[in-house]
Amino acid sequence: MKYLYYVYQLCIALPLGLLATVLTALITAIGCSLGGGHFWGYYPAHLWGRIVLWLLLIPVKVEGREQLERTQSYVFVSNHQGAFDIFLIYGYLNRNFKWMMKHQLRSIPLVGWACAKAKHIFVDKRGPKKIKATYDAARQTLQGGTSVTVFPEGSRTFTGHMGEFKKGAFALADELQLPVVPLTINGSFDILPRMRGVSFVNWHRLSLTIHQPIYPVGQGPENIEATKNQAYDAVMAALVPEYQGFVENPDQ
């Protein structure tokens, strides 16, 4: 059955997934260029995330959507188990948001162009001016009523376990006095571990747990640290036992 799944990936899922990716990038970029970026910057990719997981026959379970208020902006923070985190959050969080992503992703052909047109936020730490520009873009997005989604570990895990959370997203939420929503992803590492490189994916269930929003109880360093720790504990608590516990990520 495993090898039959590999053949299916190679002959059906891969070509159709690549076609869906190209079409999504083109529709997003052209739609955003013509106006209506709030719609075109999210909904084509929302559908794309679901299509990719559907093509790969990956079942998805989501818990906790009832925690979210319809009109509230949030700073979503998630563990980063692997590449499939992107499809899962895009397809199943069901919230219009902008990613905060590494600036290197801008160079991905077509996809980077589409992300720029969609006004996703490229995190660039190559100097004070670029850092300020990153925060200014995130601040503008949140003040405009759209949420942002961040992987506060900064990079994918090599082991399935969580590394440290960096404080940038929590400082932004503190400055704007917005709630932070922790997200726990399970299964992404099992589908495609980072150390595998380019490889077939494994069939495995995916789950997304949306935790209760953490509202600010003050403002300043103490609130930032408390929110970061609370979010970290919430994400960790919902991981499957196999990946419980901190493991240092050398890529951080």
Side-chain angles (χ1 to χ4, degrees), residues 37-38 41-42 62-81 85-86 88-90 92-103 105 115 118-125 128-157 162-185 208-239 246 249 252:
H38 186 71
Y42 170 70
V62 181
E63 295 179 319
R65 284 205 195 104
E66 70 281 358
Q67 310 270 21
L68 306 179
E69 297 180 20
R70 198 170 186 82
T71 58
Q72 175 68 56
S73 295
Y74 295 106
V75 177
F76 292 102
V77 295
S78 174
N79 62 316
H80 201 3
Q81 279 207 334
D85 301 345
I86 308 299
L88 178 62
I89 292 176
Y90 250 149
Y92 290 91
L93 182 59
N94 286 9
R95 297 286 298 205
N96 197 323
F97 68 89
K98 302 298 182 187
W99 291 104
M100 291 186 71
M101 60 179 70
K102 291 181 176 181
H103 71 91
L105 298 177
C115 288
K119 303 297 184 185
H120 292 297
I121 302 154
F122 293 98
V123 179
D124 195 336
K125 299 179 180 179
K129 287 186 178 180
K130 293 184 181 295
I131 293 173
K132 182 179 183 301
T134 296
Y135 275 89
D136 288 346
R139 189 181 300 110
Q140 184 178 6
T141 294
L142 288 162
Q143 289 175 334
T146 302
S147 298
V148 299
T149 300
V150 186
F151 295 117
E153 292 169 275
S155 59
R156 290 170 291 153
T157 176
M162 284 170 57
E164 296 178 352
F165 275 7
K166 299 176 182 178
K167 70 176 183 179
F170 305 98
L172 184 64
D174 175 76
E175 178 186 339
L176 299 177
Q177 290 290 280
L178 290 173
V180 170
V181 178
L183 306 174
T184 301
I185 292 172
L208 176 66
T209 303
I210 303 168
H211 296 277
Q212 188 173 5
I214 304 169
Y215 286 86
V217 293
Q219 191 166 23
E222 289 186 5
N223 180 61
I224 293 170
E225 189 67 18
T227 303
K228 178 169 71 75
N229 291 340
Q230 189 175 345
Y232 189 93
D233 290 344
V235 176
M236 178 71 78
L239 284 173
F246 167 80
N249 186 345
Q252 285 191 314

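These numbers come from the heavy atoms of this one structure, side chains and all, not from hydrogens, waters or symmetry mates. A quick note: this is a predicted structure, and the numbers were derived from the prediction, not measured.
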Which heavy atom of [X] sits nearest to which heavy atom of [Y], and what is that distance?
X: Q219; Y: E175; result: NE2-O, 3.2 Å
X: H211; Y: A238; result: CE1-CB, 3.6 Å
X: P216; Y: L178; result: CD-O, 3.9 Å
X: Q72; Y: R95; result: O-NH2, 2.6 Å

Is there a side-chain contact between [X] and [Y], using heavy atoms and a 4.5 Å cut-off?
X: V235; Y: F165; result: yes
X: F122; Y: M101; result: yes
X: I89; Y: S78; result: yes
X: H38; Y: N96; result: yes
X: F246; Y: M162; result: no

What orientation do [X] and [Y] show, parallel under 30°, tilted 30 to 60°, or perpendicular over 60°?
X: Y90; Y: Y42; value: tilted
X: F151; Y: H80; value: parallel
X: Y74; Y: F76; value: tilted

Any donor and acceptor pair, going by atom type alone, linking the side chain of [X] with main-chain N or O of [Y] inside 3.5 Å?
X: R65; Y: Y92; answer: yes
X: H120; Y: C115; answer: no
X: N249; Y: R156; answer: yes

Original post:
Do I185 and L208 pass the side chain to side chain contact (heavy atoms under 4.5 Å, CB included) test, and can you show the C-alpha distance, the side-chain angles, and the key distance before you say yes or no?
Top reply: CA-CA 5 Å; I185 292 172; L208 176 66; 4.0 Å; yes
Tabulate below the donor-acceptor pairs under 3.5 Å that side-chain atoms of residues 221-230 make, not counting sequence neighbours, or state none.
from, atom 1, to, atom 2, distance (Å)
N223, OD1, V217, N, 3.3
N223, ND2, D174, OD1, 2.8
T227, OG1, N223, O, 2.8
N229, ND2, E225, O, 3.3

